[in-house]
Amino acid sequence: MKRPPVKGTRDFYPPDMARRNWIIDGWKKVSLRNGFEEYDGPIFEYLKMFQLKSGDEIAEQLFSLTDRGGRELALRPEITPTMARMINQQINALPKPIKWFSVPRLFRAERPQKGRLREFFQWNVDIIGVDDVLADAEIIFTTIDYLSSVGLTPRDIRVKISSRKLLACALTNIGIREKQLDPLYGLLDKYNKIPADTFEKMLPDQVPDSAAAKKIMDLMSATTLSEVPEIAGTNAEVDAAIQKLARLKDLLEQMGVWQFCDFYPSIVRGLAYYTGVVFEVYEFAQELRAIGGGGRYDNLLQDFGGPSVAATGMGMGDCVLGILLEEKGLLEKQLQKCQLDYFIACADKQYFQKVIEITAKLRRTGKAANFAYKPIGLSKQLKQASAQGAKECIIIGSEIESGRLVVKDMATGEQKTTELDNLLK
RNA sequence: GUGAGAGUAGCUCAGCUGGUCAGAGCACUGGAUUGUGGAUCCAGGGGUCGCGGGUUCAAAUCCCGUCUCUCACCCCA
């Protein structure tokens, strides 16, 4: 009888687990070399924690439960609220800047589809306490550092960068009222996701003035910063926002990763809480949903009852990334199976006891060693050895009577006789 | 919540105008090979064709229902 895993969840068989570990180990390694420290929190929190940031409606998208004490809890759909809570608790004790990363297992009760599951892993990196685009540049650099470390190039992925602040003041200049901004962001976010003529038809619903609508169309298609004041006019606010983005570009150039990046005014991100630089990473053909994204959220800690502290960060899930790496053939190439140092075989079953003894001794010296449980023929044992990825195979035969055995290099096929005592040193 | 497609062996699928239709490849196990692996060859295990009902002499095949999955919309932290 088949018992598939719960909708939207995955079983990780050893090959899948190897894949998952490879991805997560890569995230951790890159985080550490970029100066981030790892943290984690509980896998469930008070339901209220998540509603605080995303509104009451979010409850429908969560797996929630009431415990026996009547507490309303939810499995975490993101780790940012937990991080905000933890940082707020120790804000005065933590050395600044705070550079933290985490790879939480997250849960969202949404309908699964390509690149989106109900249980997944997400890499988060955040810098707290730095009100400077240098921190945004660090976040983007770290993101690209990982993606290029697994073999993705500027021709595989694009980092699309924009600024909530720039968009806000440019739209205000065009004549959009502040109250209209939030609903308008929702539409602008679709600019690159729906056909151009569909977008153009939808725009007048929110921007009846055709001159303003025309300017928004121009703004959305801008590819350089200098076009923005030409389209939307200029003032001190616009200037300041442009200066910040220009500096971000300079920094990313100095860091040697700007070739991965583009200025994309239509990148908005769904969430209302972003306050400055925002970015999303897409594969080049843009047939998949975003691989990751992030931005500046200077008000979040305050929203969670803490002081006003600048913050910027990024999140990247394992689902879309996994699909992309698979498509590019980067997983197959870089994954190595469980590598044994030695597989110990016997040429005759009378030496089976020796196999067990020597295997155990090798293991105690720290070597990865395995052997066949059944006294099968030597050729079968060698077959197992190569199936298990053994680097060398030790063959125990009559030589063992004088303390010697055969060591066979599984890659080259070469073999030599050596003293048992040498091997165990 | 809405719409479309698909469910046959562990995996990928063929068979689907009803009648050797229970199959192939890969994987697995054993053998050829009782001191030499990755190859090849041979053999074997494994499926009440998602489930339930209907039509029929006869259903994997046609009809209805149901469940599950996938993809898209909504949403996307």
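Here is the naming used below: chain letters follow the sequence lines, and residue numbers restart at 1 for every chain.
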Closest to the 5' end of RNA chain B, once A:Ala411 and A:Ser379 are matched to their nearest nucleotides, is A:Ser379
Hey, are A:Arg164 and A:Asp298 close enough for a salt bridge, meaning a charged N less than 4.0 Å from a carboxylate O?
-> no
Are the side chain of A:Arg118 and the backbone of A:Glu110 linked by a donor-acceptor contact shorter than 3.5 Å?
-> yes
NA contact type, A:Arg269, heavy-atom cut-off 4.0 Å: base, sugar-phosphate, or nothing?
-> sugar-phosphate
Base of B:C75 paired with side chain of A:Arg116 (donor-acceptor, under 3.5 Å) = yes
Among the nucleotides B:G38, B:G35, B:U2, which one has an atom lying closest to any side-chain atom of A:Ser386?
-> B:G38
Which part of the nucleic acid, if any, lies within contact of A:Ser398, taking any heavy atom under 4.0 Å across all strands shown: a base, the sugar-phosphate backbone alone, or nothing?
-> base
Scan A:Leu106 against the nucleic acid and name what it touches under 4.0 Å (heavy atoms): base, sugar-phosphate only, or nothing.
-> nothing
Looking only at atom P, what distance separates B:G44 and B:G25, rounded to whole Å?
-> 13 Å
For A:Lys374, which contact category applies under a 4.0 Å heavy-atom criterion: base, sugar-phosphate, or nothing?
-> sugar-phosphate
How is A:Gln122 classified with respect to the nucleic acid when contacts are heavy atoms under 4.0 Å: base, sugar-phosphate, or nothing?
-> nothing
Is the phosphate of B:G38, meaning OP1 or OP2, less than 4.0 Å from a side-chain N or O of A:Gln384?
-> no
If pairing means Watson-Crick or G-U wobble with both distances under 3.5 Å, then the partner of B:C49 is none
For the side chain of A:Lys383, counting heavy atoms from C-beta on, which of B:C71, B:C76, B:G38 is nearest?
-> B:G38
Using whole Å, report how far CZ of A:Phe343 lies from C1' of B:U36.
-> 13 Å
Measure from the side chain of A:Glu110, starting at C-beta and using heavy atoms only, and say which of B:U36, B:C76, B:U70 lies closest.
-> B:C76
Could one point to a donor on the side chain of A:Gln388 or the base of B:G37 with an acceptor on the other under 3.5 Å away?
-> no
Phosphate contact (B:C75 OP1 or OP2) by A:Lys190 side-chain N/O below 4.0 Å = yes
Any donor-acceptor pair under 3.5 Å linking the side chain of A:Ser386 with the backbone of A:Lys383?
-> yes
Looking across every strand, which nucleic acid part, if any, lies under 4.0 Å from A:Gly397 by heavy atom: base, sugar-phosphate, or nothing?
-> base
Counting only Watson-Crick or G-U wobble pairs whose two distances fall under 3.5 Å, which nucleotide matches B:A58?
-> none
Taking the side chain from A:Asn88 and the backbone from A:Arg85, do they hold a donor-acceptor pair closer than 3.5 Å?
-> no
Atom P, compared across B:C41 and B:A60: separation rounded to whole Å | 34 Å
Over how many whole Å does the gap from A:Lys380 atom NZ to B:U29 atom P extend?
-> 8 Å
Sugar-phosphate, base or nothing in reach of A:Glu57, heavy atoms under 4.0 Å = nothing
Can you find an N or O donor on one side and an acceptor on the other, under 3.5 Å apart, linking the side chain of A:Gln113 with the base of B:U70?
-> no
A:Lys7 NZ - B:C67 C1' separation (whole Å) | 11 Å
How is A:Gly315 classified with respect to the nucleic acid when contacts are heavy atoms under 4.0 Å: base, sugar-phosphate, or nothing?
-> nothing
From the list A:Val130, A:Leu134, A:Asp132, A:Ile128, side chain to side chain contact (heavy atoms under 4.5 Å, CB included) partner of A:Pro97 resolves to A:Val130
Between B:G38 and B:C69, how far apart are the P atoms? Round to whole Å, please.
-> 41 Å
To the nearest Å, give me how far apart CD (A:Glu287) and P (B:C71) are.
-> 15 Å
For nucleotides B:A22 and B:G47, find the distance between their C1' atoms and express it as a whole number of Å.
-> 8 Å
Take atom P in B:U2 and the same atom in B:A59, then report the distance between them in whole Å.
-> 36 Å
Residue matched to B:G1 through Watson-Crick or wobble contacts both under 3.5 angstrom = B:C73
Have a look at A:Asp262 and tell me which of A:Lys160, A:Arg158, A:Lys249 forms a salt bridge (charged side-chain N to carboxylate O under 4.0 Å, His left out) with it.
-> A:Arg158
Starting at the 5' end of RNA chain B, which residue's closest nucleotide do you reach first, A:Lys114 or A:Ile194?
-> A:Lys114
Between A:Asp341 (side chain) and A:Ala368 (backbone), is there a donor-acceptor pair under 3.5 Å?
-> yes
Whole-Å distance, A:Glu60 CD to B:C76 P, equals 12 Å
Is the backbone N or O of A:Phe101 less than 3.5 Å from a side-chain atom of A:Asn124, with the two atoms forming a donor-acceptor pair by type?
-> no
If you measure from the C1' atom in B:U48 to the same atom in B:C73, how many Å do you get, rounded?
-> 39 Å
Quantified in whole Å, what is the C1' atom distance between nucleotide B:U36 and nucleotide B:U20?
-> 46 Å
In whole angstrom, give me the gap between the C1' atoms of B:U8 and B:G23.
-> 10 Å
